[in-house]
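This structure is a prediction, so every number in the text was calculated from the model and none was measured. Side chains are part of it too, since the values below use all heavy atoms of this structure and drop only hydrogens, waters and symmetry mates. Proteins get letters first, then strands, A, B, ... in listed order; numbering begins at 1 in each.
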Amino acid sequence: MQVTGGNSNEKVHWADVCAADVPQDVPHLIATGITPSGPIHLGNMREVVTGDLVYKAMKERGLEVELIYNADDFDPLRKVYPFLPESYSQYIGLPICDIPCPCGKHKSYAEHFLEPFLKALEELDVKPTVLRSSELYRSGKFTEEIKTVLENAAEIKEILERVSNRKLPETWVPFYPICKKCKKISNAEILGHDSEKHLVKYRCDCGYEGECDYSKGEGKLVWRVDWPMRWANLNVTVEPFGKDHAAAGGSFDTGKEIVEKIFRADAPYPVAYEWISLKGKGAMASSTGVAITIDSMLEIVPPDVLRYLIVRSKPEKAITFDPGMGLLTLIDEYAKLAEKGDSREYELSKISSVATDIPFKHLVTVVQIAKDDDSIIEVLKRSGYNVENSDAVLKRAQRAKIWVDKYAPDMVRFTVQKELPSEVYTFTEEERYALEILVAKMEGMPEWNAENLHNAVYKTGEEADINPKAIFTCIYKAILGQERGPRAGWFLEALGHDFVTKRIVEAVGAGAQ
RNA sequence: GGGCCUGUAGCUUAGUCAGGCAGAGCGACGGACUCUUAAUCCGUAGGCCAGGGGUUCAAAUCCCUUCAGGCCCGCCA
């Protein structure tokens, strides 16, 4: 493998390594897929973004490649998850594409969780061809393969028992009929198979005995066989999957042997990835409730930064996501990359639609001063930022606002005190004198702006023979009730002349008593 | 029980495939900027490369082993 272009010290991105590692002379299909059985969370996103990164790397390399996302909406509901009402116990076992939507606004249970996820993908600039298992099964696309599976059930059973080292029941067949009576994807006993008519005779646990036509999607293959069957049917050449599947004896191992021996096809190039966990909370899983959905992430994280989170770590590395201060660091780090603009990581993360260069940290402060959209724009404009693309600016500001509300540590939060904070009583006589000079300067100021305000503080320091730092501290104490605060010049500018001078005068007066 | 992945500075990590001076970023600390305390720039400290053994002229890297965390051998990203 030679991917460095001759310079062995050059760092090569893992996605480019994958792209260089696959066969170079055949058309490629990258398959990603998630079961929408619950809120699709940040962890799930790794699968799709990982696929997308390899897709982009392969494309840039000049390979013929397509990206698909397969929603396994034909999977049964396994239990009443914590986020579901108890009444959903009646639907356990039904394919999630046939279960009513929890909120009533979508076509089905599966679509309820799928729709926001697909929207998020679009925001993340991931544009796969979307397939639904239910539609594929019901269209008869898999008929031939299911027939092959049923005819080779014994050999498949042997592979599964040997490779994954477990014992399956004597009568085990890798096919679940959907019972005509109870509608469940049932672990029914298979009584017979008519390969001409594509019929399977079964006896369901509910007692019903009948036939199902698998060419019409009246049944489903078990996961471990379904997966390799799809590789063969769709011609999958690359597939990212979670580390659970990657373990020895796991579904990739069994799938590999099944696809080779039963379907006479090759397993895809595997890209196994680690979990994303939440700082202090453990791994994400929709079933346990430890999950930040992609939606709630995109509420605070710009989409390109979210991509960057995946881009910067090799797939086999676990990611611990810290939505608090860690997120701010991440955003900063990404902003620096963006500024340089020539790194591979930036190329893979960036999204053309994201276009504002206002530092997120700055917005975190602005949204705590300016309460509505107009004043946010106003404040930003005065500070010299480009606000032409006001939609993008406000969207970013909105993210900062939600972040401050939900995730920010107290350190970066501040409140402009409505009443005079008690800290002003600790001011020394020197400090009060300096503040008096400062107010005088403010009154005589040709224009109320950050630069003049800032200079005024330094001038005051000279004239009153006091360290300007002390004056800054006084200002923060008088306005916020704390010793530190956002950069003083434009902070005061944003607060406005009337409020600032009145407050400082009050503080001087109070301290004098 | 059998197997897979991970472990490098306080934190996030590069380097491991293919052995050749252990590198970044954040944070901390120090300084500069007589235009910024949460801006910017410069600098400093911080490492038994999880532990032990082996191979080698040379090991974070290869082999063996121990420990810690996670995962798989029902279903899961």
message = Applying the Watson-Crick and G-U wobble criteria at under 3.5 Å, what pairs with B/G1? Answer none if nothing qualifies.
response = B/C73
task = Using both distances under 3.5 Å as the test, list the Watson-Crick or G-U wobble partner of B/A68, or none.
result = B/U6
ask   = Considering residues at least two apart in sequence or located in another chain, which fulfil the side chain to side chain donor-acceptor pair (under 3.5 Å) criterion with A/R413?
value = A/D410
key: First encountered from the 5' end of RNA chain B, between A/K314 and A/T329   = A/K314
ask   = How would you label the contact of A/R46 with the nucleic acid (heavy atoms, under 4.0 Å): base, sugar-phosphate, or nothing?
value = nothing
note = Re B/C41: Watson-Crick or G-U wobble partner, both distances kept under 3.5 Å, found to be B/G31
task = Pick the C1' atom in B/U37 and in B/G19, then give their distance to the nearest Å.
result = 49 Å
Nearest-nucleotide comparison on RNA chain B, the residue closer to the 5′ end among A/E333 and A/I319 = A/I319
request  = Tell me the partner of B/U12, counting only Watson-Crick (N1-N3 plus N6-O4 or O6-N4) or G-U wobble (N1-O2 and O6-N3) with both under 3.5 Å; none if nothing fits.
outcome  = B/A24
task = Would you mind classifying the nucleic acid contact of A/R162 as base, sugar-phosphate or nothing, using non-hydrogen atoms under 4.0 angstrom?
result = nothing
ask   = Atom CG of A/L77 to atom P of B/C75: distance rounded to whole Å?
value = 17 Å
query = Considering residues at least two apart in sequence or located in another chain, which fulfil the side chain to side chain donor-acceptor pair (under 3.5 Å) criterion with A/W172?
reply = none
query = OP1 or OP2 of B/C76 sitting under 4.0 Å from any side-chain N/O of A/S37?
reply = no
A/T426: partners by side chain to side chain donor-acceptor pair (under 3.5 Å), with sequence neighbours left out = none
Distances for protein N/O vs nucleotides 4-9 of chain B N/O pairs under 3.5 angstrom?
residue : atom : partner : partner atom : Å
B/G7    : OP1  : A/K317  : NZ           : 2.7

request  = Could you tell me which residues satisfy ring pair (Phe, Tyr, Trp, His ring centres under 6.0 Å) with A/F360, sequence neighbours excluded, listed by chain and number?
outcome  = none
request  = Please state the P separation for the pair B/G46 and B/A38 - nearest whole angstrom.
outcome  = 25 Å
message = Check the phosphate of B/G25 against A/R312, side-chain N and O only, distance under 4.0 Å to OP1 or OP2. Yes or no?
response = no
ask   = Taking the C1' atom of each, how far is B/C49 from B/U12, in whole Å?
value = 16 Å
remark   = Applying the 3.5 Å cut-off to both distances, the Watson-Crick or G-U partner of B/C48 turns out to be none
note = Per-nt protein contacts along nucleotides 32-40 of chain B (heavy atom under 4.0 Å; B base, S backbone sugar-phosphate only, - none) come out as ---BBBBS-
Between A/R503 and A/Q417: side-chain donor-acceptor atoms closer than 3.5 Å = no
